Amino acid sequence: MPKTSESRAVGTPLPDPRRWKALIFIALAQLMVVLDATIVNIALPSAQQDLGISDANRQWVITAYALAFGGLLLFGGRIADLWGRKRTFVVGLIGFAAASALGGAAANEAMMLGSRALQGAFGALLAPAALSLLAVTFTDVRERAKAFGIYGAIAGGGGAVGLILGGFLTEYLNWRWTFFVNIPFAVVAAIGAYFVIREPAGGRNRSPLDIPGVVLSTLGLVSLVYGFTRAESDGWASGVTIGLFVASAVLLASFVLVESKVKSPLLPLRVLLERNRGGVYLSLGLAVIAMFGLFLFLTYYLQIVKGFSPVKTGFAFLPMMAGMITGSTQIGARLMTRVAPRWLMGPGFLVAAVGMLLLTQLEIGSSYAGLILPGQLLLGLGMGTAFMPAMSMATHGIEPRDAGVASAMVNTSQQVGGAIGTALLNTIAASATTAYLVDNAAGATNAQLLQAQAMVHGYASAIWWAVGILVVSATIAFTLITTGRPNTTVVASSDGESVEDELKIPVIAH
């Protein structure tokens, strides 16, 4: 078991002796949530056929979850601060398991879509509670680095595990097991959390709930996520798409105005306006845009162009997951206590951009071992190295009563980034594919070959955009995240609680 800092001040409470066991159940819950983001994608064609869902409505199996999860995250984070993180965590797990059981037993389209919306709602309770529990449980800088390294690896690599598991379950059992598999995860995590996790006292925010803030933030985020979803299907110039983006801008601007005026805001602006934390939210959200788009393109490339089975496709993503785990636990966690966070995040995003740059060379006959494998390894190593300090920085230096909502902002940036990435890059790829077909249709002798070439050209064009987005992420990390090298000293605050002098991020005064 890792040792805590020997420079702990006299009178400071000792850390929870069960904190490493607690990490197991927090990580298990995070794995379940991340798995669900990709595992259902593999099962969707089979579920659509069994339940008679139309092609026009099949996107709602994904969108219903994304809208509920993305729209309610800030509310879920505030509930965690109000109810207590442990209680919110357990309720989220039980609710997620029940919604998963409903989805697995779905007899028709309405039952499926309703279960997905419920999964998203309980996920919005669960995700910020998990991250904020981690933030308040691990206060020693070295232990915090290791804990967030494990958490970051799961957050980054869990999606690839979902592809593998989804392929196995769909191919060898039934699509319904992609839902039922969540139940044992949730039950074990809930039981373990109930008996093992001990939330530090005095960290709740018992202020009245900011109802106008809840309504405005939820509607604004839902409009934003749904706007990108409609852009993917209807185009960027459609009236509905533009209307949703305008509505989102108005609602979120109104939300910021309300939060600056009310006595007990849903999202205290001090959480966002601290330079380092704001830089983390922005750079992380942009990086996720690039990564989620690549997941989509590589899945289609491997299955449609290369003819991989769902299971083989899942295994093909293993190098990226291995790179993320290595980058997070062996590079990020080991260097977090030695160098400033921006010297991990900035270079990490740049290494990921180099990996993405390799993948812009995709062609129909590209070798997996010669091109896709090294590209994935670099992408995984870079993202894993950057994710680890990003996860830690996003909740560091935060007042305990704001830990839930600060954690929710991490998940919000990831969820919104994922929705934007899927829609934005998919639209770019589709436009490039169409243009290629128009330019080369006249001299084509093999229509099937031309279609495949156009598809791969579209993927490569979109991946170029992902490279640029990762470079912007690195630039933001270098310029906005200015905190210095961590100091491992743990001091006692005026009220006797343990406060670490880590990363020297100031707590903004009320």
Side-chain angles (χ1 to χ4, degrees), residues 33 60 63-85 87-88 91-92 95-96 99 113-129 131-132 204-231 239-273 278 281 285 398 401-420 423 510:
V33 172
W60 281 101
T63 304
Y65 178 87
L67 290 179
F69 190 69
L72 293 172
L73 269 168
L74 284 177
F75 178 56
R78 179 66 181 86
I79 290 294
D81 289 333
L82 182 64
W83 284 359
R85 287 141 204 129
R87 180 185 301 175
T88 306
V91 169
F96 199 92
L113 298 184
S115 71
R116 290 292 285 163
L118 276 176
Q119 276 187 307
F122 282 108
L125 277 182
L126 175 60
L131 185 55
S132 57
R204 291 196 194 178
N205 183 347
R206 300 182 185 275
S207 303
L209 196 59
D210 171 22
I211 300 300
V214 170
V215 173
L216 289 170
S217 67
T218 301
L219 291 178
L221 290 172
V222 165
S223 296
L224 183 64
V225 173
Y226 189 38
F228 277 98
T229 302
R230 290 303 294 261
V240 174
T241 302
I242 294 171
L244 285 166
F245 284 140
V246 170
S248 174
V250 171
L251 288 164
L252 292 177
S254 301
F255 170 68
V256 172
L257 181 63
V258 167
E259 298 307 277
S260 67
K261 303 292 185 185
V262 297
K263 183 178 179 181
S264 304
L266 172 70
L267 175 61
L269 295 184
R270 60 181 177 269
V271 173
L272 289 179
L273 296 179
Y281 296 147
I398 198 74
R401 66 188 195 134
D402 292 334
V405 76
S407 302
M409 275 302 301
V410 180
N411 290 284
T412 300
S413 65
Q414 289 180 300
Q415 186 66 24
V416 173
I420 292 171
H510 293 281

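Heavy-atom basis, side chains included; hydrogens, waters and symmetry copies ignored. Note that the structure is predicted; figures quoted are calculated from it, not measured.
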Exercise for the section: Check whether any side-chain heavy atom of Asp210 sits under 4.5 Å from a side-chain heavy atom of Glu259, and report yes or no. Expected result: yes
Exercise for the section: Taking the side chain as every heavy atom from C-beta outward, state whether Ser223 and Leu251 have any pair of such atoms under 4.5 Å apart. Expected result: yes
Fill in the blank from the handout: Taken to the nearest 0.5 Å, the spacing of Leu252 CG from Leu219 CG works out to 9.5 Å
Exercise for the section: Kindly compute the distance separating CG (Leu221) from CG (Leu72), expressed to the nearest 0.5 Å. Expected result: 9.0 Å
Heavy-atom closest pair, residues [X] and [Y]:
X	Y	result
Val258	Pro212	CG1-CB, 4.3 Å
Leu224	Phe245	O-CE2, 4.0 Å
Pro128	Gly123	CD-O, 4.2 Å
Thr88	Ala80	OG1-CA, 3.3 Å
Leu269	Ser260	CD1-CB, 3.8 Å

List in chain and number order the residues that pass side chain to side chain contact (heavy atoms under 4.5 Å, CB included) with [X], two or more places apart in sequence or in another chain; answer none if no residue qualifies.
X	answer
Val222	Leu67, Thr218
Phe122	Phe96, Leu118, Leu125
Ile242	Val246
Ser217	Leu74, Phe255, Leu266

Problem - Partner residues of Phe69 under the ring-ring contact (aromatic ring centres under 6.0 Å, His included) criterion, sequence neighbours left out - result: Tyr65
Handout entry: Donor-acceptor contact present, side-chain Thr241 to main-chain Gly227, <3.5 Å
Key = no
